[in-house]
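A short write-up of the structure that comes next.
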Amino acid sequence: VSVVDAPGSARAGAAAATGSARVVILGAGFAGLSACEALAAGADAAGLEIVIVDRHTYNTFQPLLYQVATAGLNPGDIAYPVRAFLRRHPSVSFRQGAVTGVDLARREVVFEGDGPPLAYDYLVIATGAMTNFFGVVGAREHSLAIYTMEDAIAVRDRVARSMERAATFGVSGGELTVVLVGGGPTGVEMAGTLAELRSLDLAMTYPGIRPDEARIVLVERQDHLLDGFQAKSASYALRALRRRGVEVRLSSAVMEVGPDHVVLEDGEKIACGTVVWSAGVTTGRLAERLDVAKVQGGRLEVTPALQLTGHPEVFVAGDVAGARREQGSSALVPQLAQPALQEGRHAARQLLRLRRGLPLEPFRYRDKGIMATIGRRAAVAELPGGLRLSGTPAWLAWLGLHLVFLLGFRNRVAVLLNWAWRYVWWRRGTRVIAGT
Ligand SMILES: Cc1cc2nc3c(=O)[nH]c(=O)nc-3n(C[C@H](O)[C@H](O)[C@H](O)COP(=O)(O)OP(=O)(O)OC[C@H]3O[C@@H](n4cnc5c(N)ncnc54)[C@H](O)[C@@H]3O)c2cc1C
């Protein structure tokens with residue numbers, strides 16, 4: 001399969017002549033891979049050639065990124081090579097590259113320094129989201145995001161390096177203090193895990209550092225944690241974090257981030273060595289550059305069948321899609337893994353229906369619940385039908401579901417081993433500084 005066309009090549013003509021058509025999927029995340037899987041199942045019958053494009057050669061299991069950032073898991077444990085996925089789907093090919101634009105009129109995907117444009121007959125945009133710094137002074141320069149594998153490794157390296165320095169030279173200020181901005185699931189999970197790292201691992205590995213020298217501060221703009229969860233789950237998380245010694249600042253916002261401090265809304269300055277920004281998401285630059293209708297958060301406006309408004313040959317799925325929770329409602333589907341999987345599958349099925357000349361069906365989101373973990377035997381889960389769990393049952397449900405959804409048997413075994421190592425024996429095995 002050739003995945004490179006000369007600029008301006010007439011894909012539509014080729015498709016008409018041979019009866020074949022090319023589908024290009026942008027993004028090998030939850031939505032892109034689920035679209036790919038559903039398309040591959042009907043590709044031969046529909047005469048489709050499928051090309052999946054991603055800047056990385058692997059899929060990242062984002063829900064466990066914070067465990068890489070806190071040295072509980074290795075990066076490879078939550079990365080799944082796209083080419084391993086292709087082994088099961090010979091009708092699909094892969095092109096690595098950073099997409100900088102889509103020429104919707106010429107039906108071409110444009111790359112920056114990654115080869116010539118790629119023509120398509122149908123396109124699935126599933127490029128996800130990225131960190132939103134909300135224009136806070138110094139946030140982009142001085143805080144660390146947690147959205148990609150590189151981000152997670154950078155956080156892990158920063159924390160490990162500051163501990164090594166403190167063990168060698170002593171603590172003079174706030175260099176061991178970690179400030180987490182944003183009290184959503186990622187901030188809560190990071191804070192809980194860092195608190196466990198401090199209380200159980202610090203004394204063993206760095207006997208010279210006092211635990212109170214390593215503060216963990218979680219700053220949240222709203223008056224509660226875990227927005228979107230029920231009040232009982234939010235207050236459980238707050239209690240569990242405070243019990244673990246996390247300083248939770250509610251109704252407080254970070255107004256400025258410097259190289260060694262943050263400044264809060266009330267003027268308080270907190271000296272710190274690491275700032276992790278998990279306060280919000282926006283769509284990436286690719287979506288920003290597209291001159292099409294957008295909805296809240298810059299998400300691309302789509303029809304009920306998930307087609308890009310005004311472009312029936314383009315489907316959109318996952319975090320980048322502005323799909324509605326219910327048709328006619330203004331609320332959007334949450335930017336989570338389950339909706340992304342469902343949208344990817346739906347977009348693929350509608351593309352196949354379009355190809356066969358069948359009427360398209362609207363997307364219907366099936367809410368499968370939400371969960372967040374605070375640490376060992378402490379989690380909250382809200383399941384369909386109003387069932388709410390907390391503590392050990394929620395934690396076990398969280399562990400089980402994450403194992404089930406992780407891609408690749410090898411990864412599941414590796415994660416299970418690392419969790420056993422950590423939660424049963426309280427040992428941490430992956431704290432190496434990978435950067436220079
Ligand atoms: C730290 C963190 C924790 C999370 N925890 C949970 C959780 O516990 N439960 C839950 O349900 N959800 C969680 N989420 C959200 C969930 O991971 C996302 O909703 C989901 O990944 C969205 O899937 P997607 O396919 O739309 O995007 P992604 O999975 O982000 O995939 C997008 C893909 O597109 C590629 N890409 C993007 N731009 C380009 C470009 N210009 N060129 C080439 N390739 C590009 C990226 O490399 C990536 O592989 C979490 C997210 C984060 C960041």
Side-chain angles (χ1 to χ4, degrees), residues 24-36 52-70 78-82 85 94-102 109-114 118 124-132 144-152 155 180 182 184-190 193 226 228-229 276-281 283-290 299-300 316-323 333-345 347 367-373 379-381 398 401-402 405-407:
V24 174
I25 301 172
L26 302 184
F30 284 104
L33 287 189
S34 90
C36 191
I52 188 156
V53 176
D54 201 292
R55 61 158 66 96
H56 296 116
T57 57
Y58 54 84
N59 165 279
T60 305
F61 191 75
Q62 287 176 341
L64 290 179
L65 267 182
Y66 83 94
Q67 296 218 354
V68 171
T70 50
I78 63 160
Y80 187 73
V82 181
F85 176 85
F94 174 61
R95 173 163 164 180
Q96 185 191 6
V99 176
T100 53
V102 176
V109 173
V110 183
F111 297 83
E112 188 177 78
D114 277 321
L118 177 62
V124 179
I125 304 179
T127 44
M130 59 181 264
T131 306
N132 190 349
L144 298 171
I146 180 152
Y147 225 90
T148 63
M149 193 69 83
E150 295 94 319
D151 292 339
V155 172
L180 300 149
T186 304
V188 165
E189 291 177 342
M190 276 286 291
T193 314
L226 295 180
F229 285 69
V276 179
W277 195 271
S278 56
V281 296
T283 51
R285 263 182 287 281
L286 178 65
E288 262 167 43
R289 283 194 196 126
L290 285 179
R299 292 160 77 174
L300 305 181
V316 191
D319 283 358
V320 69
V333 166
Q335 286 165 299
L336 292 171
Q338 258 305 322
L341 289 168
Q342 293 176 25
E343 287 170 41
R345 212 174 301 125
D367 188 350
K368 298 205 171 169
I370 43 178
M371 41 178 64
T373 184
V380 287
W398 183 92
L401 264 179
H402 281 71
F405 281 104
L406 196 61
L407 286 179

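What you see is a predicted model; the values in this text were computed from it and never measured. Note that ligands are numbered from 1 as they come in the structure, with each ligand's atoms numbered from 1 the same way.
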Residues passing the side chain to side chain contact (heavy atoms under 4.5 Å, CB included) test with Pro81, sequence neighbours excluded, are Ala84
Is it true that Ala126 lies under 4.0 Å from ligand 1, counting heavy atoms only?
-> yes
Could an N or O of ligand 1 be found under 3.5 Å from any N or O of Leu336, whether backbone or side chain?
-> yes
Partners meeting side chain to side chain contact (heavy atoms under 4.5 Å, CB included) with Pro185 (sequence neighbours left out) | Leu226, Phe229, Ala372
Nearest non-hydrogen protein atom to atom 38 (N) of ligand 1, with distance, is Arg55 NH1, 3.5 Å
Under the side chain to side chain contact (heavy atoms under 4.5 Å, CB included) rule, what do Thr100 and Arg289 come out as? Steps first, then yes or no, please.
-> CA-CA 8 Å; Thr100 53; Arg289 283 194 196 126; 3.5 Å; yes
Counting distance only, does the side-chain N/O of Gln96 pair as donor-acceptor with the main-chain N or O of His56 below 3.5 Å?
-> no
Are the side chain of Trp277 and the backbone of Gly182 linked by a donor-acceptor contact shorter than 3.5 Å?
-> no
Do any N/O atoms on Gln335 end up under 3.5 angstrom from N/O atoms on ligand 1?
-> yes
If we only count heavy atoms from C-beta on, is the Thr57 to Val82 side-chain gap below 4.5 Å?
-> no
Give the atoms of ligand 1, by number and element, whose distance to some non-hydrogen atom of Gly318 is under 4.0 Å.
-> 26 (O)
Under 3.5 Å: N/O of Phe30 near N/O of ligand 1 | yes
Are side-chain heavy atoms of Phe85 and Asn59 found at a separation under 4.5 Å?
-> no
Quick one: does Ala98 get an N or O within less than 3.5 Å of an N or O on ligand 1?
-> no
Give a yes/no verdict on whether any heavy atom in Gly97 is under 4.0 Å from an atom of ligand 1.
-> yes
Starting from atom 5 (N) of ligand 1, which protein heavy atom do you reach first, and at what distance in Å?
-> Pro63 CA, 3.3 Å
Among all protein non-hydrogen atoms, which one is nearest to atom 25 (O) of ligand 1, and what is the separation to 0.1 Å?
-> Ala31 N, 2.8 Å
Strictly under 4.0 Å, does any heavy atom of Tyr147 approach an atom of ligand 1?
-> yes
Taking N or O atoms only and a 3.5 Å limit, does Thr186 qualify as a polar contact for ligand 1?
-> no
Shortest protein heavy-atom distance from atom 52 (C) of ligand 1, along with the residue and atom involved | Gln62 CB, 3.8 Å
Identity and separation of the nearest protein heavy atom to atom 34 (O) of ligand 1 = Gly27 CA, 3.3 Å
for atom 33 (C) of ligand 1, nearest protein heavy atom and its distance come out as Asp54 OD2, 3.5 Å
How far is atom 41 (N) of ligand 1 from its nearest protein heavy atom, and which residue and atom name does that atom have?
-> Val99 O, 2.9 Å
Are any of the N or O atoms of Asp319 closer than 3.5 Å to those of ligand 1?
-> yes
Mind checking the NZ-CD spacing from Lys368 to Gln342? Nearest 0.5 Å is all I need.
-> 5.5 Å
Is there side-chain contact between Thr373 and Tyr66, with heavy atoms separated by less than 4.5 Å?
-> yes
Could you check atom 37 (C) of ligand 1 against the protein and tell me its nearest heavy-atom contact, residue, atom and distance included?
-> Thr127 O, 3.1 Å
